[in-house]
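A quick write-up on the structure given underneath.
Here the structure is a predicted model, which means the values were calculated and not measured. Throughout, protein chains are lettered first and strands after them, A, B, ... in sequence-line order, and every chain is numbered starting at 1.
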Amino acid sequence: MIQLNRNYTLPEREDDIIPIKVIGIGGAGSNVLDRVVLDGMDQADLIAANTDVQSLASSVAAAKVQLGRSITHGLGTGGDPELGFTSACESGDEIRAALSDARLIFICAGLGGGTGSGAGPVIAQSAREMGALVIVFATMPFSFEGKRRAAQAQEALGRFHQLADAVVCFENDRMGDMVAPKAGIHQAFAVADMTISQSLRSIVNLIQRPGILRIGFDDLLAALRGGGGRCLFGYGESDSDNRAHEALAQALKNPLMDRGRMLGEASRVLVQVAGGPAMTLSEVEILMRELNKHISEHTQLLFGTAVDGRMGARLSVTLISSLACETDERPVQNFVPVESFAPPPADPIVPAPEPEIAVVQEAEPEIEPAAAAPVVEREQVLQVEPTPSIQSLVPGDQVTESEMVEAEPEPAPEKTPPRIIPPKKKPVVAQKAGPEQISPKSESVVGKPKQEKSVAAKQEVLQFEPLTRGRFEKSEPTIVEGQDLDVPTFLRKNVRVK
Amino acid sequence: MGNNDLMVGLEIGTSKICVVVGESRPDGTTKILGVGQAPSRGVRKGEIVDFETAMKCVHEAVVDAEQKSDVMIRSVYVGVAGAHIQSFNNRGCVVLPDDRDEIDEEDIEDVKISAREVSIPAQNAFLHSIIQHYHVDGQDGILNPIGMLGQKLEADFHIIHGVRTRIQNTIRCVKELPLEVEDVVFTALASAQVILTQQQKNLGALVIDMGGGTTDYILYVDGAVRQSGAVGVGGDHITNDISMGLRIPMARAEKLKIEEGSVILGNCLPGETVVLKDDSGFAGKEIERETLNTIIHLRVRETFELLKRTLDEESFINYVGEGIFITGGCSLLQGIDHLAEEIFEIPARVARAQTMSGLTSAFQNPQLSTAIGLIKYAQAVQADRPQRRGLTRIFSRFIPGMR
């Protein structure tokens with residue numbers, strides 16, 4: 001302790017602290033806040049906002065705002081975003097009072113329910129109007145929570161994208177991948193909360209920590225601004241002999257990082273290396289050299305380093321980046337589980353005003369593969385508008401339905417590579433991409449010559465979606481020039497075999 | 001110890017562990033006494049991932065070698081591989097004191113030390129520093145400056161280094177057996193010792209050792225090592241690709257690769273198929289030959305192209321007079337030399353060890369070239385400085401004879 005005092009302490013540091021507030025909205029939001037408190041956060045004020053008084057009372061946040069006092073009367077919203085929205089509007093003044101004087105506001109919300117999805121965007125707007133920088137940490141529901149919730153979450157996410165400076169989106173499905181299959185559901189949720197808390201704290205640290213090479217708001221924003229895409233985030237810490245290496249490895253292991261595989265596609269990556277006074281330049285150098293293997297040559301590195309006496313012998317690495325919007329070609333190249341990507345392409349594929357069967361069009365090849373990937377060779381994908389009027393347009397609709405039931409399991413074992421595409425994928429795509437997926441047999445039922453032509457065009461862009469590493473799944477990846485060489489070459493080059 | 005002339009090379013590979021026992025003869029040649037092998041487990045991409053299992057396998061291989069050669073193995077030369085191994089060239093410089101202008105051995109030591117005064121990552125250790133050329137007062141291409149007059153002695157070294165802990169893991173694995181480790185040698189350097197003659201090294205040659213888990217390479221120009229390194233891709237990857245592409249188990253894929261695989265495309269009849277035999281002998285799945293070859297071709301092509309890009313940084317292609325020598329287990333793939341020729345645009349051939357006597361069948365097998373190379377390496381070390389034997393230090397060496 002005495003030794004620490006002899007180390008650098010910057011006198012002006014106290015003045016330098018940027019007022020930061022973290023607001024957790026709804027049940028999921030306050031869970032995250034609780035986790036943040038547990039993990040320790042002294043550089044930001046925490047505020048819980050909820051419609052449900054019971055949940056609000058159990059929150060450990062210092063400040064609390066009850067939303068919609070006269071609307072929900074202290075109960076929850078029952079999963080209705082409308083109710084959440086009006087509640088937040090009613091309590092607008094209280095929200096503004098709670099958020100005042102902050103320069104940076106983090107909003108944590110679980111999307112898909114009523115309060116997070118409904119009240120969240122209102123609060124984001126208030127925060128923005130007060131001139132603060134707004135970063136949203138949104139949690140997307142598990143896919144097993146149902147389509148309705150997913151749709152609500154998607155809509156709220158879209159609003160957040162419009163309102164906030166940056167949106168960091170956590171998909172619960174991906175968190176689930178990190179938890180052992182035997183673990184209880186509470187544990188899966190806890191993992192999600194922990195990841196968010198960790199990300200939040202490291203961003204706060206990143207900004208508050210006096211740096212030799214300082215990372216500012218501008219850098220943070222530049223890294224996060226990706227047009228509403230996927231946020232990559234990694235944080236690692238180590239105090240071993242080989243700490244530079246281990247800290248980076250840990251950062252890349254973060255569920256939002258996908259082992260650094262997606263870093264290759266990011267255009268900007270923010271890196272902060274922080275350590276105690278014993279941190280050496282060569283350690284930073286090693287770390288950066290290793291990191292450079294994961295990013296492409298054109299990536300802009302926003303690099304910062306900070307010395308913090310409190311770190312002791314530990315060295316930490318924070319990586320923040322974002323990928324461009326999901327709807328433009330990305331789904332295919334990103335090596336992520338399908339289900340997390342299925343919702344976004346669904347919307348553009350089914351254009352709302354078109355009163356006909358939406359046959360796959362050449363004009364949108366980038367969107368297509370995501371939905372069409374599992375469909376092989378002779379299979380056709382027809383997107384039928386889910387409105388009742390269209391169903392009446394389709395002749396022999398019932399036949400199609402019944403055909404589909406028996407046709408669907410059949411092509412799967414033969415045409416879909418079992419080790420490459422998880423079996424659950426098929427139903428997901430069938431649900432999301434369009435109501436019907438029609439096999440060659442049913443072609444005769446609906447078939448028109450015009451459709452056959454468009455099918456041929458579609459096949460050119462057929463691509464494999466998730467890339468797996470087979471035998472090397474558990475070994476250290478061999479990444480050269482931004483490519484994971486453990487993934488079969490034919491998959492990476494999208495060469496069709498068989 | 002007793003018999004100084006006994007030399008044992010041990011290669012802990014990704015697919016198998018080889019122990020080659022050799023004997024140095026008074027006339028300078030080496031005789032292979034026996035070869036021990038064991039399938040390798042617990043090794044991925046040339047690095048030990050399961051210590052206990054790997055140790056058992058090494059033990060098996062050593063016992064096998066002892067039985068076949070009828071000697072007792074006490075100490076070994078160990079080959080190390082892995083994508084962590086890197087290299088670079090550096091020049092050291094020493095200025096002689098004013099009152100002396102004859103270069104002696106001490107100056108050679110000093111210049112070597114000065115060449116090593118470069119920063120390698122903190123967790124890395126030097127594996128080899130190989131002399132390329134000396135320069136005396138600006139005069140190039142001097143091979144042995146001892147006794148020459150001059151004021152300034154410079155030396156170009158090729159320095160190979162790797163992650164310390166990973167190299168130590170390999171050493172520990174052997175020491176626990178217990179066996180003594182005489183030296184650790186980068187596998188490509190060892191392979192090159194038996195594959196290339198001095199003349200080929202002088203003319204310039206590239207050795208590609210494509211093993212189970214890694215592909216190592218070493219480039220000789222003007223008789224000296226110019227570039228070396230390793231890529232963490234090897235035969236295992238090909239097998240994995242086949243297994244995933246054709247959806248067959250790994251063991252089946254491995255067999256298919258060895259028995260039917262080829263890197264040449266468009267060489268088979270349209271629709272030609274290979275029938276996968278069931279374990280019971282019944283015909284099982286039919287696989288299109290072209291599909292199989294495409295998978296292999298893409299992987300090997302990619303690996304070669306990656307190597308070419310790495311080597312092209314110094315536009316080496318003009319210096320390679322003898323062409324490419326491919327060795328290691330993957331060199332048994334049909335047509336791999338043609339593919340290398342196509343990509344590197346210089347002649348390529350599959351090379352085997354050919355310069356020793358004894359168990360001649362061993363030389364025919366490119367899978368053994370590294371282990372045999374280790375013996376050749378050992379022989380060169382022992383011949384060069386018999387008086388200093390035992391002083392061999394594992395991480396700081398300088399072997400004038402090893403070029």
Taking it one step at a time, do B:E288 and B:E272 satisfy side-chain contact (heavy atoms from CB on, under 4.5 Å)? CA-CA 6 Å; B:E288 221 165 279; B:E272 191 181 345; over 6 Å; no
Chi angles and distances behind the side-chain hydrogen bond (donor to acceptor under 3.5 Å, both in side chains) call for B:T239, B:K257: CA-CA 7 Å; B:T239 308; B:K257 174 185 82 175; 3.1 Å; yes
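Residue B:R299 touches chain A through both its backbone and its side chain, counting heavy-atom pairs closer than 4.5 Å. With a 4.5 Å cut-off on non-hydrogen atoms, A:I286 touches chain B through its side chain but not through its backbone. Proximity to chain A is absent for every atom of B:N124, based on heavy atoms less than 4.5 angstrom apart. When heavy atoms are compared at a cutoff of 4.5 Å, B:R301 does not approach chain A at all. With a 4.5 Å cut-off on non-hydrogen atoms, B:A122 touches chain A through its backbone and its side chain both. Only the side chain of B:L306 comes within contact range of chain A, with at least one heavy atom under 4.5 Å from a heavy atom of that chain.
By the side-chain contact (heavy atoms from CB on, under 4.5 Å) test, A:A249 is found to be paired with no residue, residues two or more places apart in sequence or in another chain being considered. Take B:E290 and apply the side-chain contact (heavy atoms from CB on, under 4.5 Å) test, not counting sequence neighbours, and it matches B:L265, B:C268, B:T294.
Counting only distance, with no hydrogens or angles, the side chain of B:T14 and the backbone of B:G213 share a donor-acceptor pair below 3.5 Å.
For B:D236 and B:S15, the side-chain atoms include no donor-acceptor pair closer than 3.5 Å.
The choice from B:Q123, B:H237, B:R44 that makes the most heavy-atom pairs within less than 4.5 Å of chain A is B:H237.
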